[in-house]
Amino acid sequence: MSTVSMTVNGEAVCGKVESRTLLVQFLRENLGLTGTHVGCDTSQCGACVIHVNGKSVKSCTMLAIQADGADVTTIEGLANEAGLHPMQQAFMDNHGLQCGFCTPGMVMSALDIVNRSGHELDESTVRKELEGNICRCTGYHNIVKAVQAGAKAMGGS
Amino acid sequence: MYEFNYRKVASVAAATEAMQQAEDGKFMAGGQTMLPTMKHRLASPSDLIDLGGVAELTGISVENENLIVGAMTTHAAVAASAEVQQAIPALARLAGNIGDPAVRNRGTLGGSIANHDPAADYPAAVIALGATVQTSKRAISAEEFFTGMFETALEDDEIVTSVSFPLPEAAAYMKFENPASRYAIVGVFVAKTGGEVRVGVTGATACAHRGLRLEAALGGELDAGGIDAVELPVEQMNSDIHASAEYRAHLVKVMTKRAVEACQ
């Protein structure tokens, strides 16, 4: 067992892990941050997307020990006392989810798109950039609308 | 995944030493194939030597008419690099269409070619551009580097350090991708360099390779007129649930024509 320490959603955390402990396992099982989901466990579905040092990664395909010293943001780090993050609010307003299982990964990937491509996103850009996130309920239509609306709202705030 | 010794190293020399000390070690670059392979228990190394902290393995530069990309440079970094977009725009586009954004933030050039998945994108570019793979021990030409399905010329303790791509006069990559995995069902990279036109093919057969029959039909020109008449060895093509051998042979020619047209 090794000790890892990292910053998760602004707080310093540490814990003991095996070498093979995945980052998503560490978040869910050691820290109790169960908003990050495990869908396929084979880096296809994107339910486990989080940000490590400001970039989106699939946390089922990274070891916890690789994130030693990193700055990690999960879905739990977005809302604050004032309310939901604009991207979360946009998913709610646009009915961008049904069962909700893929939503944390969708939101984290959406924020990565905004970081790289800005606040005015056309539909084809959003669809292309969400290739690594799978939703089995919605048919994506409202997710795309939500990402566009959320990006715009973030630019206005 | 079976437990292993995790070894974080800060230099190529330390990585080599860690490998020599390990009973059955493996190097890990971005881990986007290594970790899924270990989860499936298709690999169970005693030691996993993580190259993620080796700063000397990252970076992009243009020197003496060559684009040099460090082995641990991520696909996202190659895709977004102004230097790559200027020097070999087809390579930047290729990198920007590997996997998905989260995978591109971790996956690396060195990891891709050292793994040599027969459907990976980079090997086609390395071959068509006549690149040289620099390792911790030597320089290996593209054609000698890829030796078979998931096989390369690398020795067990040899690390890819960078890849040097001669700047082409024109280049384009066309991929017919699997819509789920975004791996190439067939990918063809065409490059004209120093008056010679080379074709790199991935996804079609067990091993990324030069399309010599296609090159002969092109005859050093970016004119796809003779491609339809090329006869490809269907019996050497991969056949699986995604595409039959006959369909792959057809796709190789279609992707070649599209790549040649995109070069113009």
Side-chain angles (χ1 to χ4, degrees), chain A residues 1-4 17-25 36 38-70 105-106 108-117 125-134 147, chain B residues 1-10 22 25-26 28-54 72 74-77 79-80 93 96-108 111 175 177-183:
Chain A
M1 301 283 272
S2 310
T3 301
V4 294
V17 295
E18 289 185 305
S19 296
R20 62 181 168 179
T21 303
L22 300 170
L23 181 53
V24 70
Q25 280 177 289
T36 303
V38 179
C40 66
D41 200 29
T42 55
S43 58
Q44 304 268 328
C45 81
C48 68
V49 170
I50 61 169
H51 293 189
V52 174
N53 295 330
K55 291 182 175 167
S56 64
V57 303
K58 293 186 165 174
S59 61
C60 80
T61 310
M62 183 169 175
L63 302 170
I65 205 166
Q66 287 181 284
D68 191 32
M106 287 284 179
M108 298 311 288
S109 286
L111 295 177
D112 189 61
I113 300 171
V114 175
N115 287 342
R116 286 179 291 114
S117 302
T125 299
V126 175
R127 287 186 182 275
K128 167 103 180 99
E129 294 286 335
L130 284 181
E131 278 181 344
N133 294 77
I134 293 173
V147 173
Chain B
M1 192 187 306
Y2 292 109
E3 183 62 336
F4 52 85
N5 298 312
Y6 175 80
R7 305 286 300 273
K8 179 120 188 167
V9 292
K26 277 277 185 194
M28 178 167 71
Q32 300 304 283
T33 299
M34 190 72 227
L35 292 173
T37 304
M38 289 170 66
K39 284 185 191 181
H40 288 130
R41 298 185 174 176
L42 296 171
S44 50
S46 64
D47 294 67
L48 193 62
I49 299 152
D50 184 0
L51 302 174
V54 185
M72 286 295 291
T74 63
H75 308 323
R93 279 198 293 275
N97 280 305
I98 297 172
D100 59 57
V103 168
R104 291 195 287 274
N105 280 334
R106 300 287 304 163
T108 69
K175 158 162 83 160
E177 65 181 25
N178 178 315
S181 71
R182 286 168 296 282
Y183 270 102

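Below, chain A is the first sequence line, B the second, and so on; all start at residue 1. Note that this is a predicted model, so its numbers are computed, not measured.
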Part of A:Met62 lying under 4.5 Å from any heavy atom of chain B: both
message: Given heavy-atom pairs under 4.5 angstrom as the criterion, report whether the side chain, backbone, both or neither of A:Asn133 touches chain B.
response: neither
statement: Note: vs chain A, highest number of non-hydrogen pairs under 4.5 angstrom among B:Ala80, B:Pro101, B:Pro179 is B:Pro101
- request: Could you pull out all residues at least two apart from B:Arg93 that satisfy side chain to side chain donor-acceptor pair (under 3.5 Å)?
  value: none
Check: B:Arg106 side chain, A:Ser56 main-chain N or O, donor-acceptor pair, under 3.5 Å: no
query: Which of residues 28-36 of chain B get closer than 4.5 angstrom to chain A, counting heavy atoms alone?
result: B:Met28, B:Gly31, B:Gln32, B:Leu35, B:Pro36
statement: In short, A:Lys58 meets B:Ala102 closest at the heavy-atom pair CG-CB, 3.7 Å
query: Do A:Lys128 and B:Asn97 get their side chains close enough for a donor-acceptor pair, meaning under 3.5 Å?
result: yes
- request: Report the option among A:Asp41, A:Leu22, A:Asp112 that has the most heavy-atom pairs separated by less than 4.5 Å from atoms of chain B.
  value: A:Asp41
task: Kindly give the heavy-atom pair with the smallest separation between A:Arg20 and B:Met1, and that separation in Å.
output: NH1-O, 2.7 Å
field: Main-chain N/O of A:Val57 paired with B:Asn105 side-chain donor or acceptor, under 3.5 Å
entry: no
message: Keeping A:Ser19 on the side-chain end and B:Phe4 on the backbone end, is there a donor-acceptor pair under 3.5 Å?
response: yes
message: List the residues meeting side-chain contact (heavy atoms from CB on, under 4.5 Å) with A:Ile65, not counting sequence neighbours, and say none if there are none.
response: A:Ser2, A:Val4, A:Leu63, B:Tyr6
Option that, when pairs with chain B are counted at under 4.5 Å, heavy atom only, ranks first among A:Gln44, A:His51, A:Gln66: A:Gln66
query: What do you reckon, is NZ of B:Lys8 surrounded by more than 12 foreign heavy atoms closer than 6.0 Å?
result: yes
- prompt: So which bits of residues 39-49 of chain B come within less than 4.5 Å of chain A, counting non-hydrogen atoms only?
  reply: B:Lys39, B:His40, B:Leu48
